[in-house]
Peer 1: 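I have a structure I would like to understand better, so I am pasting it below and will then ask my questions one at a time.
Values reported hereafter were calculated over all heavy atoms of this structure, with side chains retained and with hydrogens, waters and symmetry mates removed. Counting convention: from 1, in listed order, for ligands and their atoms alike.
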Amino acid sequence: MSSLDQKNIMLDPQKLKNDFPIFKSHRTLTYLDSGATSLKPKAVIDKITEYYETYSANIHRGIYKISELASQEYEDTRIVVSTFIHSNRPEEVIFTRNATEGINLVASTIGSDTVSAGDEIVTTVMEHHANFVPWQQLAFATGADLKVIDINNNYELAITNDELQKAQNKSIDLKGVVTDRTKIFAVTLVSNVLGTINPVKEIIAAAKKINPHIITVVDAAQAVPHMQIDVQDLGCDFLVFSSHKMLGPTGVGVLWGRYGLFKKMSPYQYGGDMIRSVSISETTFAEAPHKFEAGTPHIAGVIGLKEAIKYLYHIGLKHIHAHEKDVASYAISRLNKEFGENIKIFGPSAIEYRSGIVSFQLEGIHPHDIAQILDEHDIAVRAGHHCAMPLHTALGVPATTRASFYIYNDEEDVERLIEGLKKVRNVFRGR
Ligand SMILES: Cc1ncc(COP(=O)(O)O)c(C=O)c1O
């Protein structure tokens, strides 16, 4: 029995692989790019097919059985998502196209209504472009200052405490970072490059201590698929994630927000399903969540997300998180052992502050070449800047190779990666 089996007997990746049809058509595939998008279990695919085959009507408008069933399945998903992230009420859950759209919605509604010249928007250098560019553009449009928090030598946010302070339980101090001019604080819960898990609860508490009116936005795209999230415990105002990274379909995202804020916010888009009444002289809008869901949504996708969440529940987020840490930890030690001084692994040294993402650089070999050669051996990794160019600038490298692990990965996949990388090294040795 391997060390992984001993720690997580509840999660058996080899058995779970049987649930993912892609492994039947690609029997030798080693998929290490779940950070980009996860694979989809048969239960999710079947649920989407069920909608199209048996009740593919539009929602919220048909006075007939299959439309009512579609509406019920769609609204049921809202309840399931709400419970999944410990929201106060289902009306706090807005379905979007993806995490990116959720952040853009917040930036262009409450963001542009709240921020003006001379104000501050605080974000971090660790952000995916989805949680960076909307704030940068809002700052440009309004004349606000964009403050960008750097990372420290251990690939954590520079505002978080060092190891010694953490051991002594010292709280985070944001003096000078957050001021009474700060209107927005946008931060990722988990970095999609470094795998760093940020102490977002403590960061938000520290920010609100200085300025209780601050609006906090959490990018949880790399967190919700992998660990239990409680929006109330985090204390944030908005939180976003994408279905496709958590075993669900593409084209669906979630924006969670405090209902009191949603009530005050103006709509993001105008059209059908988001109105209360329309006349030639005026329009009144529906309440949240419908106010923010203009037009026909991705009905099949939303219903598929419900099935994905059921699947995650079945395994248990606690087990998923523990399993990914084990695989990442194993990968880090194997990479270091095989490649020694020729490899640089990015991300916190303590595994407790990391998720299942391992980004690295092999000396003298471009990440694109690595990914291409690995692909010849059916190993899928991501290479490039991973939509985090400011972070790569801070790291001093243009690109990295990223292996991201999920429930269907285990030590065997890590060994295949190591073997693949040895082959990459052999190709370049001869040059
Ligand atoms: C941390 C993080 N935030 C946001 C996104 C954007 O997700 P989407 O493209 O689904 O909107 C990603 C996608 O990789 C991500 O990793």
Side-chain angles (χ1 to χ4, degrees), residues 31-40 81 85 94-108 123-137 148-149 151 155-157 185-198 200 203 216-227 229 234 236 238-256 268 297-298 301-302 304-305 308 324 328 346-347 353-359 380-392 394-395 399-406:
Y31 188 72
L32 303 179
D33 199 18
S34 295
T37 198
S38 70
L39 302 176
K40 320 300 173 202
V81 170
I85 57 172
I94 311 288
F95 293 119
T96 58
R97 280 189 306 135
N98 44 40
T100 304
E101 190 176 50
I103 297 165
N104 276 279
L105 189 160
V106 175
S108 53
T123 187
T124 87
V125 80
M126 202 190 270
E127 304 304 316
H128 185 282
H129 295 161
N131 199 31
F132 189 87
V133 183
W135 306 119
Q136 180 197 52
Q137 295 302 309
V148 182
I149 297 163
I151 48 170
Y155 307 103
E156 296 166 338
L157 288 176
F185 195 118
V187 62
T188 192
L189 191 38
V190 176
S191 160
N192 67 316
V193 179
L194 305 170
T196 311
I197 303 171
N198 290 317
V200 163
I203 291 172
T216 53
V217 183
V218 175
D219 176 356
Q222 296 290 350
V224 170
H226 309 283
M227 56 194 75
I229 297 301
L234 282 177
C236 55
F238 297 100
L239 180 138
V240 299
F241 54 97
S242 283
S243 149
H244 69 91
K245 293 187 197 288
M246 52 191 287
L247 311 179
T250 54
V252 176
V254 170
L255 163 65
W256 170 87
Y268 175 51
H298 185 0
V302 167
L305 170 61
E324 289 170 4
F346 300 93
Y353 302 122
R354 300 187 68 119
S355 69
I357 286 172
V358 180
S359 295
V381 294
R382 178 95 184 259
H385 53 64
H386 319 302
C387 298
M389 290 175 91
L391 174 61
H392 279 80
L395 296 175
T400 49
T401 306
R402 181 183 74 182
S404 49
F405 304 103
Y406 208 11

Peer 1: With the criterion set at N/O pairs under 3.5 Å, what does the list of contacts between the protein and ligand 1 look like, atom names and distances included?
Peer 2:
from     : atom 1 : to   : atom 2 : distance (Å)
ligand 1 : 3 (N)  : D219 : OD1    : 3.2
ligand 1 : 3 (N)  : D219 : OD2    : 2.5
ligand 1 : 10 (O) : S242 : OG     : 2.6
ligand 1 : 10 (O) : H244 : NE2    : 2.7
ligand 1 : 11 (O) : A99  : N      : 3.3
ligand 1 : 11 (O) : T100 : N      : 2.9
ligand 1 : 11 (O) : T100 : OG1    : 2.5
ligand 1 : 14 (O) : H128 : NE2    : 3.4
ligand 1 : 14 (O) : K245 : NZ     : 2.6
ligand 1 : 16 (O) : Q222 : NE2    : 2.7

Peer 1: Quiz question: by atom type and distance under 3.5 Å, do the side chains of H226 and S355 form a donor-acceptor pair?
Peer 2: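 The answer is no; no qualifying pair exists.
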
Peer 1: Quick one: side chain to side chain contact (heavy atoms under 4.5 Å, CB included) partners of R382, sequence neighbours excluded?
Peer 2: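 With neighbours one apart ignored, the set is D33, A36, H386, C387, R402.
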
Peer 1: Per the salt bridge (Lys or Arg N to Asp or Glu O under 4.0 Å) rule, what does the pair list look like for residues 185-197, sequence neighbours excluded?
Peer 2: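 Non-adjacent pairs meeting salt bridge (Lys or Arg N to Asp or Glu O under 4.0 Å): zero.
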
Peer 1: When the aromatic ring centroids of H129 and H385 are compared, is their separation below 6.0 Å?
Peer 2: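 Ring centroids of H129 and H385 are less than 6.0 Å from each other.
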
Peer 1: Indicate whether the side chain of H392 and that of T400 have a donor and an acceptor atom separated by less than 3.5 Å.
Peer 2: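 The answer is yes; a qualifying pair exists.
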
Peer 1: For N104, give me all partners under side chain to side chain contact (heavy atoms under 4.5 Å, CB included), at least two apart in sequence or on another chain.
Peer 2: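 Once residues adjacent in sequence are excluded, the partners of N104 under the side chain to side chain contact (heavy atoms under 4.5 Å, CB included) criterion are T100, P134, Y268.
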
